[in-house]
Amino acid sequence: MVSLARKLIAPRNPIPRSISYELGNPEASQPFVPFSRLQETKLLESHLVSLLDNCSSLIQIKQVHAHVIRRGLDQCCYVLAKLLRMLTKINVQMDPYPRLVFHQVEYRNPFLWTALIRGYSIQGPLSEAVRLYNGMRMESISPVSFTLTALLKGCSDELGLNLGKQIHCQGIKLGGFCKDLFVHNILIDMYVKCGWLDCGRKVFDEMSERDVISWTSLIVAYSKTGDMVAAAELFERLPVKDLVAWTAMVSGFAQNAKPREALEFFNRMQCGGVETDEVTLIGVISACAQLGTAKYANWVHDVAEGYGFGPANHVMVGSALIDMYSKCGNVEEAYKVFENMKEKNVFSYSSMIVGFAMHGCASAALDLFDEMVKTEVKPNKVTFIGVLMACTHVGLVERGRHLFDMMEKHYGVEPSVEHYACMIDLLGRAGQLEEALQLIKAMPIEPNSGVWGALLGACRIHGNPEIAQVAASRLFELEPDSIGNYVLLANTYASAGRWEDVLGIRKLIKQKLLRKDPSRSWIEGKVGVIHEFYAGDMTHPKSKEIKEALEDLVGRLKTHGYEPNLSSVPYDLSEENKKRILLTHSEKLALAYGLLITDNESTIRIMKNLRICEDCHSFMCGASQITGREIIIRDNKRFHHFRNGVCSCGNFW
DNA sequence: ATAGGGTTAG
């Protein structure tokens, strides 16, 4: 029975290829197969294909394959092509198993060829995919448009691009698929992946017919290069905007640090009656995390629950919420979300660990790490950055060293340059500047700007202009246009009283026409209204009250022993001028405004774009004591919780 | 067959 079936399906004298391939299925035109049997075979084939469709592991696929052979269909291209596609889907290497399956078939149709080509194209090497493609044409088998898209999928680098261009130029001349929408959409994608956005645009512009996928591909491409203007331009021209296109805009703005625009688009999307799914929500959550305000945080959490994508059942939404609450200063709420999640993955754990670290809760971060390694979730490089950060923020040098030693030995995570930067930060902030410098010299990988920057930052904190000079000279090579490095070096000189050198750096900054990123702080007022203050900026309508409130506060603070820290002003000015400047630091303005607009009980949350200065730090400590308020400040690195005169960072930041 | 997603760094 078995051998009979095999004979029927793979005849000794195959019908001419040209006919069979046009029909797409050689078995279909065998004249001597009785109709009923043919139907039976067709049924069996589609049954096996649907079995394959439901496979999710190699073992399952092999079981179905055995079944395929038992039923005598081991020459059936239709079923075997599906088998190869499934093997590719679960990432089974083409050599040897899928390759063998392919070779065991005597008469291969274009779909079977394409399935193998696609496998090599996705996994690499692309050269093998090309070799097969040529082999296919040598046997006079005409490629189908799916063959081209399969090849184009693998063209994501310089080498692939050449091939892709060939396919683009020649292949399209070949036949009917020159107008094929799929091929063009994938061509756009290929050019974009290779960094040839203009070519992608050209394909798009010349297409006779476009669908929402063509538009969205290009919109995403622009947003990935940071050009949200071009992305928005296209988006507005897109005739029918679907969920994915809207989401591309929302997350595009979020990824490009434009949280307000992201929220604005989400709002428009909702007004337009477009449905929302968890992918959209993740973009919105990320935008709220950047705003850092508590009210938006609660709002978006409710929105997510309302759409049925609560953190309990959606790992990605949950992880994004953990990150958001941490960045909004509410680490307790972040932990609540974490606890209630049914499934936790490496993102959930890492976000929570990083969250604890940001808030200076080192022991919570380290405990959670210990808990994590007992589960099936494996720590990754970000997890280790999190635990090292935790150690840094409380000065746990030995613990950090130990973790750094163990990460590769025990957990198989190779220390990257970012981990070295964390270690330099850890040693440096703890005052071990020489050790930090030694570690940089002993690094097996090339130190990058992050590493030298960490050292320079530490030199500024501990007032070491000599080592600062070493770090800065490397940084000026690596990042000649980054103003921050010049400012840090100048500040280090300033606190050592080396005003000549400070002037030298200032001159350099002027020569290079660099502009300082102005210091600003913001605070959330009524229902999502954000008030932003720039250092020295007295244009806020309530400036007069703010100034009075601050002067009053300083007066009361002085009776508690506060003295303005003049070394926080890196300019060679008179004492009076220094004091005046200190009082217009943006976080102080925001604090005064916060005191004016909130009731006596509530916590004051301030966000800031730069590192908080020593003077503001001690000012906030005192203010929290005098006013009895809790003050939470997020600077560009971490959170400070000021309560009863002390800060959670233990004056270590 | 083709489009959208979450954690890090001085």
Side-chain angles (χ1 to χ4, degrees), chain A residues 85 114-115 118 144-150 152-153 180-190 192 211-221 223-224 238 242-252 254-255 277-286 289 311 314-324 326-327 345-355 357-358 379-389 392 416-425 428-429 447-461 471 475 478-479 482 484-485 488 611 636-637:
Chain A
R85 282 199 292 272
T114 302
R118 184 168 174 273
V144 289
S145 76
F146 185 28
T147 320
L148 292 191
T149 58
L152 290 172
K153 250 183 183 313
D180 194 308
L181 187 60
F182 284 131
V183 176
H184 279 82
N185 280 345
I186 292 177
L187 271 171
I188 294 179
D189 216 42
M190 176 198 77
V192 165
D211 62 5
V212 65
I213 294 176
S214 335
W215 289 86
T216 312
S217 289
L218 214 55
I219 288 172
V220 171
S223 99
K224 290 262 151 74
L238 170 54
D242 70 354
L243 164 65
V244 179
W246 276 104
T247 306
M249 288 309 288
V250 173
S251 25
Q255 286 158 1
D277 71 2
E278 73 267 40
V279 184
T280 324
L281 285 169
I282 284 163
V284 182
I285 294 170
S286 154
H314 295 267
V315 207
M316 273 183 151
V317 172
S319 306
L321 282 174
I322 292 171
D323 172 59
M324 178 193 71
S326 307
K327 286 181 178 158
N345 65 10
V346 64
F347 284 92
S348 334
Y349 277 101
S350 304
S351 300
M352 196 62 245
I353 289 172
V354 170
M358 273 194 303
N380 66 10
K381 66 179 279 192
V382 181
T383 322
F384 280 100
I385 289 173
V387 284
L388 292 176
M389 248 169 79
T392 302
S416 66
V417 70
E418 287 90 351
H419 296 106
Y420 277 95
C422 288
M423 284 307 289
I424 302 305
D425 200 22
R429 280 180 207 257
N448 66 359
S449 55
V451 172
W452 290 112
L455 185 65
L456 178 59
C459 291
R460 203 218 71 96
I461 295 170
L475 281 165
L478 292 165
E479 308 178 321
S482 171
N485 301 326
L488 274 175
R611 177 186 183 272
N636 57 348
K637 286 268 82 73

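These numbers come from a predicted model, not from an experiment. All chains are named by letter (A, B, ...) in the order of the sequence lines, taking the proteins before the strands, and each is independently numbered beginning at 1.
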Inset, instruction - Check every strand shown and say whether Leu475(A) touches a base, only sugar-phosphate, or nothing at a heavy-atom separation below 4.0 Å. - result: base

Inset, instruction - Could you state the atom-to-atom distance from CZ of Arg429(A) to P of dA9(B) in whole Å? - result: 11 Å

Inset, instruction - Under 4.0 Å between any heavy atoms, over every strand shown, what does Val220(A) touch: base, sugar-phosphate, or nothing? Just pick one. - result: sugar-phosphate

Legend entry - Nearest-angstrom distance from the residue atom CG of Asp277(A) to P of dG6(B): 13 Å

Legend entry - Any side-chain heavy-atom pair of Arg611(A) and Ile461(A) under 4.5 Å: yes

Inset, instruction - Please answer whether the main-chain N or O of Phe347(A) pairs with a side-chain N or O of Ser351(A) as donor and acceptor at a distance below 3.5 Å. - result: yes

Inset, instruction - Test side-chain hydrogen bond (donor to acceptor under 3.5 Å, both in side chains) on Ser326(A) and Asp323(A) and set out the steps. - result: CA-CA 5 Å; Ser326(A) 307; Asp323(A) 172 59; 5.8 Å; no

Inset, instruction - Under 4.0 Å between any heavy atoms, over every strand shown, what does Leu218(A) touch: base, sugar-phosphate, or nothing? Just pick one. - result: nothing

Inset, instruction - Send over the distance from Asn636(A) CG to dT8(B) C1', rounded to a whole Å. - result: 14 Å

Legend entry - Considering all heavy atoms, the nearest Ala289(A)-Lys327(A) contact: O-CB, 3.7 Å

Inset, instruction - Decide yes or no, distance alone: a donor-acceptor N/O pair under 3.5 angstrom between the base of dA3(B) and the side-chain of Thr216(A). - result: yes

Inset, instruction - Under 4.0 Å between any heavy atoms, over every strand shown, what does Ser286(A) touch: base, sugar-phosphate, or nothing? Just pick one. - result: nothing

Inset, instruction - Please determine, for the side chain of Ser319(A), which listed nucleotide (dA3(B), dG4(B), dG6(B)) has the closest atom? - result: dG6(B)

Inset, instruction - Report yes if at least one side-chain N or O of Lys224(A) is closer than 4.0 Å to OP1 or OP2 of dG5(B); otherwise report no. - result: yes

Legend entry - Closest listed nucleotide, where the reference is the side chain of Ser350(A) and the choices are dT7(B), dT2(B), dG6(B): dT7(B)

Legend entry - Beyond-backbone contact of Pro447(A) with Trp452(A), side-chain heavy atoms, under 4.5 angstrom: yes

Inset, instruction - Give the rounded distance in Å between these two atoms: CG of Asp242(A) and P of dT2(B). - result: 15 Å

Inset, instruction - Examine distances only and state if a side-chain atom of Asp277(A) and a backbone atom of Thr280(A) form a donor-acceptor pair shorter than 3.5 Å. - result: yes

Legend entry - Rounded interatomic separation in angstrom, taking CG from Asp189(A) and C1' from dG4(B): 12 Å

Inset, instruction - Report yes or no: does His184(A) contribute a side-chain atom to a donor-acceptor pair with the main-chain N or O of Leu181(A) at less than 3.5 Å? - result: no

Inset, instruction - Round to a whole Å and report the spacing from CE of Met358(A) to P of dT8(B). - result: 7 Å

Inset, instruction - Give the nucleotide from the list dG4(B), dT8(B), dG6(B) with an atom nearest to the side chain of Thr280(A). - result: dG4(B)

Inset, instruction - For Thr149(A), answer base if it contacts any base atom (sugar-phosphate contacts may also be present), sugar-phosphate if it contacts only those atoms, and nothing otherwise; contact means non-hydrogen atoms under 4.0 Å. - result: base

Legend entry - Interatomic distance where CD belongs to Glu479(A) and P belongs to dA9(B) [whole Å]: 15 Å

Inset, instruction - Name the closest nucleotide to the Ile213(A) side chain, picking from dT8(B), dT2(B), dG6(B). - result: dT2(B)

Legend entry - Minimum-distance nucleotide to Val382(A) side chain [options: dG6(B), dT2(B), dT8(B)]: dT8(B)

Inset, instruction - Could you check whether Asn345(A) gets within reach of a base, just the sugar-phosphate, or nothing at all, counting any heavy atom under 4.0 Å? - result: base

Inset, instruction - Report which part of the nucleic acid Met352(A) touches: base, sugar-phosphate, or nothing (heavy-atom distance under 4.0 Å, all strands). - result: nothing

Inset, instruction - Just call it for Ser449(A): base, sugar-phosphate, or nothing, with non-hydrogen atoms closer than 4.0 Å on any strand. - result: base

Legend entry - Nearest to side-chain heavy atoms of Asp211(A), which nucleotide of dT2(B), dG4(B), dT7(B): dT2(B)

Inset, instruction - Determine: side-chain N/O of Gln255(A) to OP1/OP2 of dG6(B), distance under 4.0 Å, yes or no. - result: yes

Inset, instruction - Give Glu278(A) one of three labels, base, sugar-phosphate or nothing, depending on what nucleic acid heavy atoms sit under 4.0 Å from its own. - result: base

Inset, instruction - For Leu181(A) and dA3(B), give me the distance from atom CG to atom C1', rounded to whole Å. - result: 12 Å

Inset, instruction - Check every atom of dG4(B), dT7(B), dT2(B) against the side chain of Lys153(A) and return the nucleotide holding the closest atom. - result: dT2(B)

Inset, instruction - Quick one: label Val250(A) by what it contacts on the DNA or RNA (base, sugar-phosphate, nothing), any heavy atom closer than 4.0 Å. - result: nothing

Inset, instruction - Looking only at side-chain atoms of Val279(A), point me to the closest of dA9(B), dG4(B), dA1(B). - result: dG4(B)

